[in-house]
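These notes are about the structure you will find just below.
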Amino acid sequence: QRRERNISSHVRNRLPEDAVGLLREAGNLAQELGWDAYAVGGFVRDILLGRPNLDIDLVVEGDGIAFASALVERLGGRIKAHKKFKTAVCILDDGRRVDVATARLEYYQYPAALPTVELSSIKMDLYRRDFTMNALALRLNPGKFGQLVDFFGAERDIKNKQIRVLHSLSFVEDPTRILRAVRFEQRFGFRIGGQTMRLVKNALQLNLFEKLSGSRITHELRLVMDEENPLNVVERMNDLGLLKAIHPLLKLTHERVRVLQELEKVFNWYKLLYLDDQADCWKLYFLGLTMGTKREELSKVADRLNFSRREERELLALRDQIGDALMRLMGWQEGKTPLSRLYSILTPIPLEGVLFLMARSRKESIRRNISQYLARLRYVSIDVSGDDLIEMGIPEGPVFTLILDKILAARVDGNVGSREEQLAMALRLKKQFKSEWMNPV
Ligand code: CTP
């Protein structure tokens, strides 16, 4: 019998009370049903690392779906089951989610002639996983609650900050694990172990990435972009030859690194200031990574990554808009060019494009003004409506929009204040433009 370390004090100290309660409840339920339940994967790894993680993954040696049903009956909620995979997601009434999987007993089928190998189904479940640090389980049944099940030396690897696969075919089975390894390496400040690194190089030589679908690569790349410091991951991917294995046009250049660095700063700044107004950072990084490519080249990368026609069109349009805006911003003269000019350049562009422009510009004054645009100018509105103009006797038509735009520009530049001032300005403009609508060409 292996000795298992009990980490229930970590569980109590490092998790919120309601999460501990849920784990205990799951353990009690498993006991009543005559099964064993475990918390597994990244959740357990992060308890050891002392990092907050509330994505609870459970594995039941028994019937995972029946277990999930019983759990939501007890705690309140509903389940979404995947019969084929014998998994279920519990969606609790308070919004928490718990994933439940079944430790698969099929793995037990060994030819009768072989000596019985002592393999529990949880061990088989863990053995299928990517890295030792993710192949830990935590017992939840009462009496064993908090015991760490570590078959593969995960605790030692975590202590030594090593990322190790469990067996030499791991990357052949699933090459996306290579990208996961790099992502975890940078996130935790770990290092891919020696033998595992040889397997990475081997996988690249075997062109295993070629067989990977675009959607799976994209999924992994998006996870990279969601990391706190995506650029570290991207640079390491570049150094290991992973970017060019995905597509030769994705290789990093000095200029791309510079813009990606700025993007990371701009994006973190934006996230901090505007919590509830999120930009799609994935698009930004993709544009940074493909900067300097020709139109057809960008399409090729988009095809490799299996973007939909619509996504591809949007990206190309965004890139054109950015290029166009950069041209228009070239003549910018601090203190001389009115802010309304910046406003008219930026308003048609989606937020991602504005952030990209900010990262891309080398002129400090432009960056400052764009940040002003995001903080204030984009919210400027006017208090004069079309109805007001009709009341003044201005007929609907192009002049209408022209007058409203001019008032808006004056508001942006701070040249007009109250509604009364805006109405007075409308009257002045009415006189100015009268001849135009009286004598249309
Ligand atoms: N897993 C795997 N191979 C993959 C993806 C996932 O073996 N290609 C396993 C790992 O054991 C992982 C678990 O499935 O811990 C859950 O996957 P996921 O939620 O993606 O991983 P986490 O380790 O929780 O990562 P993160 O901290 O980024 O959420």
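We number each residue from 1, following the sequence as shown. The figures that follow rest on heavy atoms only: side chains count, while hydrogens, waters and symmetry mates do not. This one's a predicted model, so the numbers in the text were calculated from it and none came from an experiment.
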Could you report the tightest heavy-atom contact between Asp388 and Val384, atom names first, then the distance? OD2-CA, 3.5 Å
Report, as yes or no, whether the 6.0 Å neighbourhood of atom NE2 on His82 holds more than 12 heavy atoms from other residues, nucleotides or ligands. no
Start with the C-alpha gap between Ile246 and Met237, add the side-chain angles, then the distance that decides, and say whether side-chain contact (heavy atoms from CB on, under 4.5 Å) holds. CA-CA 10 Å; Ile246 294 171; Met237 282 172 62; 3.9 Å; yes
Considering only heavy atoms from C-beta outward, does the side chain of Val40 approach that of Leu136 to under 4.5 Å? no
Note: Asn28 and Pro142 closest approach over all heavy atoms is OD1-CG, 3.6 Å
For Glu17, I'd like to know if atom CD has over 12 heavy atoms of other residues, nucleotides or ligands within 6.0 Å. no
Is there side-chain contact between Glu155 and Met133, with heavy atoms separated by less than 4.5 Å? no
Can Arg139 and Tyr38 be counted as having a side-chain donor-acceptor contact under 3.5 angstrom? yes
May I ask you to check whether Gln422 and Asp383 show a side-chain donor-acceptor distance below 3.5 Å? yes
Derivation of the side-chain hydrogen bond (donor to acceptor under 3.5 Å, both in side chains) call for Gln31 and Asn141: CA-CA 6 Å; Gln31 188 77 9; Asn141 287 49; 2.8 Å; yes
Do Asn134 and Arg45 have a side chain donor and acceptor closer than 3.5 Å? yes
For Gln372, is the CD atom crowded, meaning more than 12 foreign heavy atoms sit under 6.0 Å from it? yes
Straight-line distance of Gln195 CD to Asn202 CG, nearest 0.5 Å: 9.0 Å
Do Lys251 and Asn238 have side chains that approach each other closer than 4.5 Å (heavy atoms only, starting at C-beta)? yes
Indicate whether any N or O donor in one side chain lies under 3.5 Å from an N or O acceptor in the other, for Thr176 and Arg216. yes
Kindly indicate, with the supporting measurements, whether the criterion side-chain contact (heavy atoms from CB on, under 4.5 Å) is fulfilled by Thr102 and Val59. CA-CA 6 Å; Thr102 306; Val59 169; over 6 Å; no
Are more than 12 heavy atoms from other residues, nucleotides or ligands located less than 6.0 Å from atom CZ of Arg78? no
Verify the distance criterion only: is there a donor paired with an acceptor across the side chains of Thr293 and Arg319 at less than 3.5 Å? yes
Which pair of heavy atoms, one from Ala203 and one from Phe171, lies closest together, and at what distance? CB-CB, 4.3 Å
If I compare all heavy atoms of Ala137 with all of Leu126, which pair ends up nearest, and what's the gap? CB-CD1, 3.9 Å
Are Arg187 and Glu228 side-chain neighbours, meaning at least one heavy-atom pair lies under 4.5 Å? no
Quiz question: by atom type and distance under 3.5 Å, do the side chains of Gln186 and Asn229 form a donor-acceptor pair? no
Ion pair present between Asp157 and Arg164, side-chain N to carboxylate O less than 4.0 angstrom? yes
Lys80, NZ: over 12 other non-hydrogen atoms inside 6.0 angstrom: no
Which of Val60, Leu92, Leu29 passes side chain to side chain contact (heavy atoms under 4.5 Å, CB included) with Leu71? It is Leu29
Salt bridge flag under 4.0 Å for residues Arg309 and Glu312: yes
Look at Arg362 together with Glu255 and state whether they make a salt bridge at an N to O cut-off of under 4.0 Å. yes
Please check this pair: side chain of Arg97 against backbone of Ile91, looking for a donor-acceptor N/O pair closer than 3.5 Å. no
From Leu58 atom CG to Cys90 atom SG, the distance as rounded to the nearest 0.5 Å: 7.5 Å
Flag side-chain contact, heavy atom, 4.5 Å: Tyr270 against Leu351: yes
Within-4.5 Å side-chain heavy-atom neighbours: Leu315 and Lys283: yes
Nearest atoms (heavy-atom pairs only) where Ala88 meets Ala68: CB-CB, 3.7 Å
Under a 3.5 Å cutoff, is there a donor and acceptor pairing between the side chains of Asp387 and Ser385? no
Interatomic spacing from CZ in Arg258 to CG in Leu252 - rounded to 0.5 Å: 14.0 Å
Between Phe151 and Tyr127, does the ring centroid distance fall short of 6.0 Å? no
Aromatic ring pairing Phe184/Phe131, orientation class (parallel under 30°, perpendicular over 60°, tilted between): perpendicular
Indicate whether the side chain of Ser170 and that of Arg177 have a donor and an acceptor atom separated by less than 3.5 Å. yes
With distance as the sole test, does Glu210 use its side chain to make a donor-acceptor pair with the main-chain N or O of Asn207 at under 3.5 Å? no
